[in-house]
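Side chains are part of it too, since the values below use all heavy atoms of this structure and drop only hydrogens, waters and symmetry mates. Given the structure is predicted, the values throughout are model-derived calculations rather than measurements.
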Amino acid sequence: MIISLTYGRKWIRVERTREKQMVDLHTGTPWESVTFTALGRDRQIFFNILQEARELALKQEEGRTVMYTALGAEWRPFGFPRRRRPLSSVVLENGVAEKIVDDVKEFISNPKWYTDRGIPYRRGYLLYGPPGCGKSSFITALAGDLGYSICLMSLSDRSLSDDRLNHLLSVAPQQSIILLEDVDAAFVSRDLLPTENPVAYQGMGRLTFSGLLNALDGVASSEARIVFMTTNLIERLDPALIRPGRVDLKQHVGYCTHYQLAQMFRRFYPLESAANGERFAERALAVHSELSAAQVQGHFMLYKMDPIGSIDNVAKIKE
């Protein structure tokens with residue numbers, strides 16, 4: 001594709017080409033190149049174009065969280081950058097969010113500590129618990145609080161191979177969180193597999209379990225990396241996947257407690273008294289033994305301007 005334009009009163013020819021040579025990572029994604037041509041000897045115009053393009057891109061992402069998805073051998077932005085979600089908008093059990101945030105920030109601020117002790121500079125986290133309880137929402141809010149992007153990857157992608165996974169982890173954008181959601185859907189514990197053929201232990205596609213382990217903490221695994229994994233069923237995960245070094249911090253994110261219900265009520269209805277938040281929590285737990293944060297939020301959405309109604313109709317949360 002060739003286009004012509006003017007920049008700073010100079011004529012510029014822009015040519016974009018896609019090379020025929022393919023990336024050999026089971027992807028079929030070709031390399032692309034963009035060539036700028038201008039009349040004269042002053043090359044500063046090209047640096048000016050690139051600098052302005054960079055500033056415009058950064059301005060577009062300011063105050064937002066960029067989501068990346070794996071496409072072929074590279075990471076591509078997934079949709080438009082999302083408005084950063086405040087950490088306070090995700091209510092976990094008392095002290096849980098603070099513990100994870102403090103751990104991540106301590107890791108980011110102390111690379112020399114790892115270097116001095118010969119420890120690989122990477123950190124792994126596992127959030128586990130029922131669906132709808134805030135695992136992914138918390139990770140998104142954490143990325144926004146850190147000013148990081150999120151690289152979302154599905155291990156059940158049939159086109160994902162050992163080599164491609166290794167490559168993608170090594171070229172992930174700087175200051176990003178790599179998110180592997182629902183890891184139990186790709187690999188289950190070997191203890192749960194038939195004993196007749198334990199060698200054939202691999203996921204739904206080309207990715208093998210040993211390839212995943214090596215990508216997370218093998219010799220070729222990348223440094224300065226933060227990986228979050230989520231699962232609804234921790235008992236389905238192989239112990240080798242979540243041992244220290246691959247997962248450094250495990251955290252259960254479960255159904256709403258009294259504390260969470262009261263805090264969520266106060267967040268949705270900031271003008272209401274703390275006593276009403278306590279009333280809502282007590283009534284909700286008296287009627288329902290298990291409530292996810294998603295269910296409670298959906299209930300509040302039905303009573304946006306009616307906090308008392310949300311208390312009186314708490315029995316309807318699961319309807």
Side-chain angles (χ1 to χ4, degrees), residues 18-19 21-33 66-78 104 107-108 111 114-115 118-127 136 139 143 148-190 193 198-231 236-250:
R18 302 188 69 177
E19 308 290 346
Q21 179 182 358
M22 310 302 283
V23 179
D24 188 20
L25 289 171
H26 307 291
T27 64
T29 302
W31 293 106
E32 295 185 2
S33 62
V66 181
M67 305 289 291
Y68 291 95
T69 187
L71 183 62
E74 61 184 1
W75 296 97
R76 296 281 184 89
F78 181 67
V104 172
F107 167 76
I108 292 172
Y114 288 80
T115 303
I119 301 174
Y121 185 50
R122 49 181 177 263
R123 197 79 173 154
Y125 301 85
L126 174 70
L127 303 186
S136 298
I139 295 169
Y148 274 38
S149 56
I150 296 178
C151 295
L152 181 60
M153 177 182 290
S154 172
L155 296 180
S156 57
D157 180 355
R158 293 183 179 274
S159 69
L160 189 62
S161 65
D162 294 351
D163 288 341
R164 184 179 168 219
L165 175 61
N166 243 326
H167 175 75
L168 286 168
L169 293 184
S170 67
V171 299
Q174 293 184 343
Q175 295 188 326
S176 65
I177 290 174
I178 296 171
L179 175 55
L180 308 178
E181 288 196 303
D182 301 325
V183 290
D184 57 282
F187 294 99
V188 298
S189 173
R190 284 168 288 191
L193 292 176
V199 176
Y201 183 48
Q202 65 178 50
M204 299 172 63
R206 299 184 179 93
L207 180 65
T208 65
F209 186 64
S210 61
L212 172 60
L213 299 184
N214 288 331
L216 290 176
D217 75 343
V219 175
S221 61
S222 59
E223 295 277 290
R225 189 181 66 201
I226 299 174
V227 175
F228 270 84
M229 293 187 281
T230 67
T231 180
R236 289 174 58 88
L237 299 183
D238 195 291
L241 177 61
I242 56 177
R243 70 160 177 77
R246 296 186 180 117
V247 172
D248 304 292
L249 191 155
K250 307 181 187 74

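- No side-chain heavy atom of D162 sits less than 4.5 Å from a side-chain heavy atom of N214.
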Residue pair Y148, I108: steps toward the side-chain contact (heavy atoms from CB on, under 4.5 Å) verdict
CA-CA 11 Å; Y148 274 38; I108 292 172; 3.4 Å; yes
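- D157 pairs with exactly one of S159, S161, S154 by the side chain to side chain donor-acceptor pair (under 3.5 Å) rule, that one being S159.
- By the 4.5 Å heavy-atom criterion applied to side chains, L212 and V183 are not counted as neighbours.
- One finds a salt bridge joining R243 and D217 here, because a Lys/Arg side-chain nitrogen approaches an Asp/Glu carboxylate oxygen to under 4.0 Å.
- Shortest non-hydrogen contact noted between S149 and A143 is O-CB, 4.5 Å.
- The environment of OH in Y114 is crowded: more than 12 heavy-atom neighbours from other residues, nucleotides or ligands sit within 6.0 Å.
- Separating the CZ atom in R158 from the CG atom in L207 is a distance of 12.5 Å, to the nearest 0.5 Å.
- From I242, atom CD1 reaches atom CG of D248 across 12.5 Å, with rounding to the nearest 0.5 Å.
- Taking CD1 of I177 as the start and CD1 of I139 as the end, the distance is 7.5 Å to the nearest 0.5 Å.
- Under a 3.5 Å cut-off, the side chain of R164 and the backbone N or O of G72 do form a donor-acceptor pair.
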Could you go through the side-chain contact (heavy atoms from CB on, under 4.5 Å) check for L216 and L241 one step at a time?
CA-CA 9 Å; L216 290 176; L241 177 61; 3.6 Å; yes
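- With sequence neighbours excluded, the residues forming a side-chain contact (heavy atoms from CB on, under 4.5 Å) with L152 are L179, E181, listed by chain and number.
- In this structure, V247 and M229 approach most closely via the heavy-atom pair CG2-CE, 3.2 Å.
- Of the candidates L126, D182, L180, T230 forms a side-chain contact (heavy atoms from CB on, under 4.5 Å) with just one, namely D182.
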Candidate pair L155 and L160, rule side-chain contact (heavy atoms from CB on, under 4.5 Å), full reasoning
CA-CA 7 Å; L155 296 180; L160 189 62; 4.1 Å; yes
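- Shown here are the side-chain contact (heavy atoms from CB on, under 4.5 Å) partners of P120, two or more places apart in sequence or in another chain: R122, E223.
- Nearest heavy atom pair, residue M153 against residue W75, reads CE-CH2, 3.4 Å.
- The shortest side-chain heavy-atom distance between R246 and L213 falls under the 4.5 Å cut-off.
- Considering all non-hydrogen atoms of both residues, L168 and A70 come closest at CD1-CB, 3.6 Å.
- With a 4.5 Å cut-off on side-chain heavy atoms, V66 and I150 do not count as touching.
- Below 30°, between 30° and 60°, or above 60°: for Y125 and F228 the angle between ring planes is below 30°, a parallel geometry.
- The nearest pair of heavy atoms linking A172 to I178 is CB-CD1, 4.0 Å.
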